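A short write-up of the structure that comes next.
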Amino acid sequence: MEVREFDSPAKNTWCLGCGNFNILAVVKQVMAELVESGDVKSEQIVISSGIGCHGKISDYIKVNSFYCLHGRVVPPLMGMKVGNQRLKVIGFAGDGDAYDEGVSHLIHTARRNLDATFIVHDNQVFALTTSQVTPTTPIGFKTKSVPKGSFESPLNPLHLMLACGATFVARGFTGDIPHLRSLILQAVRHRGFAFIDVLQHCPSFNPTLEKFKPKVYDLNKEGHNVEDFAAALEKAKEWNDRIPIGIFYQVKKEIYEKQLLGDRLLAEEKPLPSVQSVLQEFM
Amino acid sequence: MEVREFDSPAKNTWCLGCGNFNILAVVKQVMAELVESGDVKSEQIVISSGIGCHGKISDYIKVNSFYCLHGRVVPPLMGMKVGNQRLKVIGFAGDGDAYDEGVSHLIHTARRNLDATFIVHDNQVFALTTSQVTPTTPIGFKTKSVPKGSFESPLNPLHLMLACGATFVARGFTGDIPHLRSLILQAVRHRGFAFIDVLQHCPSFNPTLEKFKPKVYDLNKEGHNVEDFAAALEKAKEWNDRIPIGIFYQVKKEIYEKQLLGDRLLAEEKPLPSVQSVLQEFM
Amino acid sequence: MQDISFLIGGEAGDGVMRTAELLGKAFNRLGLYSFVINDYPSLIRGGHNFCKVRASNHQVWSHLEAVELVAALNQDTISRHENELTKDGLVLFDSDKASYKGSYKAYPIPLSSMVKEVGGIPIMRNSAMIGAIAHLYGIPLEPVNEILTWAYGKRAEKNITLAKMGFDHAKQNFDPILKLEPVKRDPTPFISGVEAVSLGAVKAGMKVYIGYPMTPSTRILSFMGTHQDELGIAVIHPENEIGVANMALGVAYGGARCMVGTAGGGFALMQEAFSMAGQSEIPAVFVVGQRPAPAVGVPTYTAQADLRFVLHVGHGEFPRIVVAPGDPEEAFVKGGEAMNLAWRYQVPVVVLVDKHLLESYMSIAIDERKVNVEPSSVAESWDGEYKRYKFTDSGVSPMVFPGTLGAVVKVSSYEHDEHGYAIETPEGVTNMLQKRLRKMEGIIEDLKKRETVKIHGDPKAENLVVAWGSTKGAALDAMQLIDKPLKFLQVMYLSPFPTWDVEDHLKQAKDIVCVEVNMTGQLRSLIREQTGHYIEKAILKNDGRPFDPVGLSGKLKEAFGWK
Amino acid sequence: MQDISFLIGGEAGDGVMRTAELLGKAFNRLGLYSFVINDYPSLIRGGHNFCKVRASNHQVWSHLEAVELVAALNQDTISRHENELTKDGLVLFDSDKASYKGSYKAYPIPLSSMVKEVGGIPIMRNSAMIGAIAHLYGIPLEPVNEILTWAYGKRAEKNITLAKMGFDHAKQNFDPILKLEPVKRDPTPFISGVEAVSLGAVKAGMKVYIGYPMTPSTRILSFMGTHQDELGIAVIHPENEIGVANMALGVAYGGARCMVGTAGGGFALMQEAFSMAGQSEIPAVFVVGQRPAPAVGVPTYTAQADLRFVLHVGHGEFPRIVVAPGDPEEAFVKGGEAMNLAWRYQVPVVVLVDKHLLESYMSIAIDERKVNVEPSSVAESWDGEYKRYKFTDSGVSPMVFPGTLGAVVKVSSYEHDEHGYAIETPEGVTNMLQKRLRKMEGIIEDLKKRETVKIHGDPKAENLVVAWGSTKGAALDAMQLIDKPLKFLQVMYLSPFPTWDVEDHLKQAKDIVCVEVNMTGQLRSLIREQTGHYIEKAILKNDGRPFDPVGLSGKLKEAFGWK
Ligand SMILES: Cc1ncc(C[n+]2csc(CCOP(=O)(O)OP(=O)(O)O)c2C)c(N)n1
Ligand SMILES: Cc1ncc(C[n+]2csc(CCOP(=O)(O)OP(=O)(O)O)c2C)c(N)n1
Ligand code: SF4
Ligand code: SF4
Ligand SMILES: [Mg+2]
Ligand SMILES: [Mg+2]
């Protein structure tokens with residue numbers, strides 16, 4: 001399968017140089033590779049996205065998509081997997097989307113270990129609504145609603161996901177495309193809830209590319225043991241001159257839908273022909 | 001101030017032997033002590049509670065109260081502190097309340113370090129709706145909605161709160177009243193967001209008293225350093241033959257309302273007499 | 001005509017509801033028609049619970065407020081309910097726990113001692129009480145024992161012994177009230193709205209039920225959960241109602257029929273997702289159980305005060321269907337219809353019920369052939385590139401699911417073009433909005449072939465009662481008590497509003513009274529909005545309790561000037 | 001009469017809106033009446049943005065769809081808007097970026113080169129464009145320079161140079177369109193609904209604003225945020241709308257006046273808290289900005305399709321007030337009134353606005369004396385034990401805040417007694433429900449003394465136009481274009497519905513047309529529900545765009561049979 005078969009007719013309206021382009025490019029490559037390698041058929045892939053600049057990715061890939069309400073990327077993913085376990089689902093959310101409006105779904109779906117990939121376009125800002133603070137906005141960041149600078153301590157999404165039992169916890173960076181590509185591919189191949197917080201460059205409101213580039217390093221090249229939970233926590237806290245990217249933690253665990261359904265494929269099951277036996281109980 | 005001045009005329013309808021009685025008793029003592037010691041005046045105390053068995057505590061203490069919607073204990077607390085910084089506010093939530101319906105508020109208010117105490121009556125079950133699973137229900141627990149037993153990995157509330165930056169993270173146990181009393185007193189005196197997950201015995205649906213009693217120990221008596229974040233995380237994971245209770249973590253940090261308002265007391269401020277100067281900008 | 005009515009009361013945890021249901025079931029098996037209403041506060045133990053049980057040799061639709069017997073497991077029950085007794089009323093009570101010195105006849109029975117005697121546990125007092133009640137109504141022990149065996153299986157033995165002890169004690173000490181005559185009739189279930197609406201949905205193809213517990217819909221979750229294997233469904237209880245509703249959209253997008261259940265407060269949280277169902281044209285069925293509100297309100301009681309709220313949920317304009325069944329049989333049929341309509345027209349559908357309908361049990365015939373999986377708008381094939389939102393005359397676009405070879409299925413919360421890509425042009429917006437609104441025409445034509453209202457009583461009567469939902473029961477029974485010609489228009493579909501079925505009745509009527517369990521006359525306002533017809537007379541209340549037929553008949557007579 | 005209308009267009013990020021606003025402001029300072037509407041898609045850079053600017057020597061209430069000048073920063077603007085030009089229309093464009101060979105007169109101007117010449121940045125093209133436009137409308141450079149200095153402060157210099165270059169180039173090459181005559185009049189602000197509603201609330205005592213960003217209410221958050229110090233308020237942007245609404249209840253409970261702002265989708269999430277405000281009787285003001293829905297819809301455009309949704313938000317029955325201002329002055333007054341009413345009657349109040357009202361700027365007089373902090377229901381003292389929900393004739397209970405010596409202030413989401421303790425008895429429930437509903441009577445009496453509707457045009461005319469909200473502007477301007485007697489009833493209060501002010505006009509009218517930016521005729525249905533009067537004629541649309549006065553006047557004439 002060619003990458004360009006995923007090209008959509010929708011006009012792309014992201015700003016020049018936006019990190020979302022890199023995520024988009026990489027995701028299309030990953031999908032092509034998945035199809036090519038026989039992991040999945042293209043019609044079985046479903047993406048879902050929130051509302052925000054990131055969300056437009058649903059329009060920018062010609063593949064099944066569920067363009068959600070703001071903050072609600074996760075529940076439809078869970079629903080569609082319950083309806084049809086065979087689907088390969090990938091969610092894209094903004095940091096506002098994932099950590100503000102929709103954080104309850106994220107927490108619990110991680111805990112349940114739904115077999116889904118969840119990619120956060122973390123530009124540390126509500127971009128589409130023209131710049132307001134999100135849970136990952138750094139202290140001091142100025143916006144119209146906080147003209148003197150944000151004073152709320154940011155959330156650490158990796159730590160949050162580790163605390164909630166996600167079975168694949170990673171960080172990507174739009175400034176390192178090959179790394180991001182390999183990361184997303186691994187996430188999508190992970191059986192269980194795979195979470196990637198992607199440091200996403202937003203030239204218009206939070207141009208972090210040059211700031212993060214010199215700091216970022218691949219922790220998987222430095223002998224980090226992805227099965228060591230404590231080490232993962234330790235690494236998740238690192239945010240100074242060095243910013244680790246890569247897989248922080250990965251573990252095997254039975255997935256939600258198998259536990260709920262076994263091998264049943266509800267979307268293809270015939271309706272129950274009669275409820276008489278249950279009605280009988282009430283006689 | 002006498003404890004019984006907090007007695008309310010409402011008829012108590014908790015089941016015999018319910019752990020909520022112990023929380024209620026202890027909280028009234030703590031309030032009396034706070035007033036007695038001059039920390040706060042009784043009219044400045046406000047409690048707030050969610051919907052569930054626990055929530056009835058709002059009716060059972062004769063003190064200012066905000067009996068919330070299910071899951072919404074935290075936002076009104078934040079609102080009232082913004083309106084009047086001088087209030088001493090204590091929230092009571094159920095595990096369903098705090099970790100399911102309302103978890104987004106909890107996470108972010110912990111991060112902001114609102115000066116509030118938040119006590120979770122964690123009976124690992126939706127009690128008032130006659131027993132369904134919550135995020136802390138253990139695997140295998142059977143209810144009508146999951147007759148074969150719950151299979152979702154429970155959430156670790158202490159770890160969650162540590163990950164979100166709460167400045168006081170503790171666990172109490174309704175089977176150890178003196179300890180609970182001292183814990184709540186310390187929480188209420190903590191300046192910042194003080195979180196206590198209380199293992200609450202529910203004789204009707206989840207009678208854990210005898211199960212937990214032999215396992216529970218006070219980690220503060222075993223040389224635990226409450227300022228050591230890593231140690232706190234480690235202890236938060238302990239849940240086997242031994243279950244630690246006490247303060248896991250405590251740290252000093254500026255509180256939200258001070259950063260937002262300085263010393264302003266909005267409820268008592270006069271209205272702005274004129275908006276002419278701002279209107280002038282539009283001339 | 002035989003028509004009995006009694007009350008059983010005790011503390012929460014005493015097993016009152018179970019007992020009442022078992023008795024109702026026993027009467028039902030005898031061929032009588034029974035009705036059981038429960039009344040309990042929002043707590044687990046210790047508060048006062050009671051049930052009213054009615055049984056008759058003709059169909060009954062409601063409980064009666066007045067009872068001829070108060071069966072009390074505790075003192076509290078007597079003091080609370082003595083005043084509900086009819087003139088020759090009796091007080092049957094556990095003489096180990098309570099005493100009675102009032103003006104009604106006292107029937108003391110040492111239930112607790114009996115339990116002690118057989119080495120049972122306190123909850124078994126109920127079985128002895130059942131035995132005593134059986135005697136009072138002239139029922140032999142066999143059917144009672146059958147029910148106890150059905151209920152307690154292997155553990156039934158002591159209960160059977162106790163039933164006999166209660167029966168014998170009563171026989172020796174108390175005069176029977178009457179001898180109930182068993183009736184020969186086709187057996188019907190003794191069932192509540194909870195089970196009926198659930199089974200209707202399943203019969204219409206439901207594969208997934210999602211709910212976050214909230215009275216009065218919690219029992220749907222419980223019923224679906226305990227019967228998930230027999231029904232071949234998956235049951236999910238997720239983190240909150242917002243998750244529930246958005247998940248349900250995912251299930252349907254994935255290709256499986258799904259229903260969710262909640263109450264007013266939970267439904268308030270689902271509004272954005274409801275609007276999303278409208279925008280994305282994903283079939284979704286919401287069972288909304290009313291209870292007194294606003295906010296948490298009076299959680300374990302009943303109301304019909306969310307009609308307007310439900311009719312207008314969700315921002316923006318899009319077709320939605322709202323149907324309000326009035327009894328378990330209608331809950332079964334309309335529950336199934338809701339699912340079928342959702343999938344044929346790709347719209348959100350609300351099944352609007354209330355605590356009284358959901359939790360009260362009654363004998364009622366349910367013909368499962370009335371509900372089947374009807375043809376939906378799922379496509380087998382299509383021309384050219386697949387378009388999820390293809391413009392069609394009907395406004396309904398053929399639907400396929402992800403996983404379909406050759407189709408890219410894009411749904412969106414944004415206004416979109418036929419393929420599902422976001423758009424903003426005035427023409428594009430108008431076309432898609434109108435495509436969706438156009439579906440209403442098809443829905444209306446469809447509903448014209450279904451039962452949207454029911455006419456009860458004398459179809460030629462000039463005096464008209466209008467009501468909806470569970471008030472049907474009290475209204476039907478009240479009409480039995482009025483010896484004047486009376487017609488009762490029961491409105492089942494609220495959106496789209498069936499003016500075609502309603503208007504003539506309004507025009508023909510000389511005098512109309514609208515009866516609702518709300519204080520603002522919501523159906524009345526809807527009728528005025530939809531037909532211009534203003535119904536001047538209304539019987540309204542909103543105190544958590546359903547209407548009582550006797551009280552209602554009095555109010556109706558007064559309203560019609562008949563007394 | 002002078003009445004100019006032109007369009008400025010470019011890419012998102014080109015600074016089109018700022019330019020239009022500066023021009024509008026410049027006209028306003030000259031004593032002209034200006035109106036600026038913006039039109040932009042939901043994206044940050046690169047999409048097409050444009051504004052229409054209108055100015056006149058008499059009050060204008062709306063933009064005009066047709067323009068005599070298209071001022072284009074890019075090629076796209078020309079191709080998209082050429083067709084909106086009037087017969088003698090002109091195309092002014094950056095000749096470094098675009099070319100024009102069409103049938104209208106071309107006014108090429110090398111804006112980019114000019115910017116390069118002075119070493120400026122691309123966004124400064126606007127200043128040269130402003131200079132050129134000034135020439136076309138016969139405006140001297142002084143007022144333009146003043147505005148540029150006001151806008152850019154110390155950084156204004158290059159902009160001023162560019163304005164002169166643009167002006168000079170235009171003067172040498174283009175014939176002016178006309179010479180605008182400055183008008184002597186009392187200065188008025190040039191302001192949008194965003195600022196007006198904010199200032200109204202502040203003037204009425206608002207101390208806290210809480211919002212989660214959502215178009216079109218995001219700008220309220222921005223305005224409140226940037227002006228928080230001057231206004232003496234605290235501004236909070238929390239985790240989500242559910243947090244927003246519940247927090248707002250906490251603020252008011254704590255004793256400070258609070259307002260929140262959102263759009264339809266966010267308001268959908270606030271419904272449960274809205275119902276809680278009703279139950280707990282906590283004053284709360286919600287500004288709801290409409291945009292095309294359902295779901296995310298068309299986020300940056302306008303609509304009036306959430307009327308029914310807003311009227312019936314929240315489960316249960318409780319009094320609520322809904323007011324829809326039609327212009328910034330009314331937004332100021334009604335924003336303040338909303339706050340005062342909320343605090344006098346302890347009810348939730350919705351200020352229902354839309355993108356068009358919130359974001360369009362116009363010259364309009366605002367008299368700040370019209371809004372003051374009115375007496376509220378806050379108590380200074382009370383008899384006996386304090387009762388938060390004391391039964392009173394008016395239904396309003398004196399309110400105090402925590403921290404008050406001797407008062408225990410208990411609020412509850414449950415149905416409750418006078419002290420705030422949960423109750424379940426039928427009498428208790430009825431009494432408290434009726435106490436709350438009783439407040440509606442006081443509210444109605446109060447509103448009878450306020451302006452609930454406005455009558456525009458000829459009060460004796462037999463032909464009546466009915467509209468609400470921002471459609472006021474187009475309706476007023478359309479009436480200017482119709483030379484027949486016409487009356488326009490603008491409905492401002494939607495709940496409680498001011499039948500007392502509405503009914504007579506409906507009865508007096510011979511022919512009525514209702515105009516709304518929705519497809520289902522929501523005000524029309526409300527009027528039928530509330531008065532029984534069915535307005536047969538309606539002019540409806542819901543394509544994201546407000547009505548254009550010229551187009552509307554044509555449709556009105558048609559509807560009234562005048563052409
Ligand atoms: C319920 C709801 N609230 C608010 C909005 C408005 N809104 C649209 S995008 C957005 C923020 C997006 O931020 P983020 O998720 O970080 O995405 P980004 O634009 O940065 O990619 C908000 C608040 C909405 N669409 N729905
Ligand atoms: C929005 C909403 N959803 C659901 C409910 C129903 N409800 C009442 S109590 C409760 C669960 C309470 O569980 P928990 O918070 O653990 O409290 P507990 O009863 O165990 O003390 C639920 C789901 C509600 N009141 N509101
Ligand atoms: S605003 Fe930021 S995130 Fe949005 S498209 Fe532009 S650069 Fe990308
Ligand atoms: S059900 Fe459990 S939590 Fe609720 S009152 Fe009874 S024992 Fe306590
Ligand atoms: Mg973002
Ligand atoms: Mg609990």
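Computed from heavy atoms alone, side chains included, the values below leave out hydrogens, waters and symmetry copies. In what follows, every chain begins at residue 1, and chains take the letters A, B, ... in the order their sequences are listed. Note that the structure is a prediction, hence the values are computed from the model and not measured.
- Neither the backbone nor the side chain of A:Lys41 comes within contact range of chain C; no heavy atoms are under 4.5 Å apart.
- If you tally non-hydrogen atom pairs under 4.5 Å between each of C:Arg29, C:Glu272, C:Met206 and chain A, the highest count goes to C:Glu272.
- Contacts of C:Phe223 with chain A are made by side-chain atoms alone, with heavy-atom separations under 4.5 Å and no backbone atom involved.
- Contacts of C:Ile282 with chain A are made by side-chain atoms alone, with heavy-atom separations under 4.5 Å and no backbone atom involved.
- Contacts between C:Ile423 and chain A at a heavy-atom distance below 4.5 Å are absent for every atom of the residue.
- Residue C:Ala248 does not touch chain A at all, counting heavy-atom pairs closer than 4.5 Å.
- Looking at A:Phe6, neither its backbone nor its side chain comes within 4.5 Å of chain C, counting heavy atoms on both sides.
- C:Gln279 does not touch chain A: none of its heavy atoms, backbone or side chain, sits under 4.5 Å away.
- Take A:Ala10 and apply the side-chain contact (heavy atoms from CB on, under 4.5 Å) test, not counting sequence neighbours, and it matches A:Ser8, A:Asp59, A:Tyr60, C:Tyr421.
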Give the table of side-chain donor-acceptor pairs shorter than 3.5 Å for residues 86-96 of chain A, with sequence neighbours excluded, one pair per line with atom names and distance.
{"from": "A:Lys88", "atom 1": "NZ", "to": "A:Val188", "atom 2": "O", "distance (Å)": "2.8"}
{"from": "A:Asp95", "atom 1": "OD2", "to": "A:Gln124", "atom 2": "N", "distance (Å)": "2.8"}
{"from": "A:Asp95", "atom 1": "OD2", "to": "A:Val125", "atom 2": "N", "distance (Å)": "2.9"}
{"from": "A:Asp95", "atom 1": "OD2", "to": "A:Thr134", "atom 2": "OG1", "distance (Å)": "2.8"}
{"from": "A:Asp95", "atom 1": "OD2", "to": "A:Thr136", "atom 2": "OG1", "distance (Å)": "3.2"}

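- Per-residue counts of heavy-atom pairs under 4.5 Å with chain C were compared for A:Ser42, A:Gly83, A:Pro9; the largest is that of A:Pro9.
- Of all heavy-atom pairs between C:Gly403 and A:Asn64, the closest is N-ND2, 4.0 Å.
- Residue C:Val244: no heavy atom, backbone or side chain, is found under 4.5 Å from chain A.
- If you tally non-hydrogen atom pairs under 4.5 Å between each of C:Lys203, C:Glu230, C:His416 and chain A, the highest count goes to C:Lys203.
- Closest approach of C:Pro402 to A:Val46, counting heavy atoms only: CB-CG2, 3.6 Å.
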Review item, side-chain donor-acceptor pairs of residues 405-412 of chain C, under 3.5 Å, at least two apart:
{"from": "C:Lys410", "atom 1": "NZ", "to": "A:Ser58", "atom 2": "O", "distance (Å)": "2.7"}
{"from": "C:Lys410", "atom 1": "NZ", "to": "A:Ile61", "atom 2": "O", "distance (Å)": "2.5"}
{"from": "C:Lys410", "atom 1": "NZ", "to": "A:Val63", "atom 2": "O", "distance (Å)": "2.9"}
{"from": "C:Lys410", "atom 1": "NZ", "to": "A:Ser65", "atom 2": "OG", "distance (Å)": "3.1"}
{"from": "C:Ser412", "atom 1": "OG", "to": "C:Tyr414", "atom 2": "N", "distance (Å)": "3.1"}

Verify side-chain contact (heavy atoms from CB on, under 4.5 Å) between C:Glu239 and A:Arg112, making sure each step is shown before the conclusion.
CA-CA 11 Å; C:Glu239 58 277 5; A:Arg112 293 180 194 121; 2.6 Å; yes
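- The residue among A:Gly102, A:Cys68, A:Gly71, A:Gly79 with the most heavy atom pairs within less than 4.5 Å of chain C is A:Gly79.
- Between C:Ser413 and A:Ile51 there is a side-chain heavy-atom pair separated by less than 4.5 Å.
- Residues of residues 264-283 of chain A lying within less than 4.5 angstrom of chain C, judged on heavy atoms, are A:Arg264, A:Leu266, A:Ala267, A:Glu269, A:Lys270, A:Pro271, A:Leu272, A:Pro273, A:Ser274, A:Val275, A:Gln276, A:Val278, A:Leu279, A:Glu281, A:Phe282, A:Met283 in numerical order.
- With a 4.5 Å cut-off on non-hydrogen atoms, C:Phe190 touches chain A through its backbone and its side chain both.
- A distance of 4.0 Å separates CG in C:Asn240 from OG in A:Ser104, rounded to the nearest 0.5 Å.
- Between chain A and the residues C:Arg257, C:Met276, C:Gln228, C:Arg369, the largest count of heavy-atom pairs under 4.5 Å involves C:Met276.
- Using a 4.5 Å heavy-atom threshold, the side chains of C:Ile242 and A:Arg72 count as touching.
- Options A:Lys62, A:Lys81, A:Lys56 differ in how many heavy-atom pairs under 4.5 Å they form with chain C, and the most are formed by A:Lys62.
- The residue among C:Val251, C:Asn246, C:Ile233, C:Ile366 with the most heavy atom pairs within less than 4.5 Å of chain A is C:Asn246.
- The shortest heavy-atom contact between A:Leu260 and C:Ala234 is CD2-CB, 4.2 Å.
- Proximity to chain A is absent for every atom of C:Glu21, based on heavy atoms less than 4.5 angstrom apart.
- The candidate from C:Val208, C:Asn28, C:Ile236, C:Val202 with the greatest count of non-hydrogen atom pairs under 4.5 Å with chain A is C:Ile236.
- Heavy atoms of A:His108 lying under 4.5 Å from chain C belong exclusively to its side chain.
- For chain A, the option among C:Leu249, C:Ile210, C:Leu231, C:Asn372 with the highest count of heavy-atom pairs below 4.5 Å is C:Leu231.
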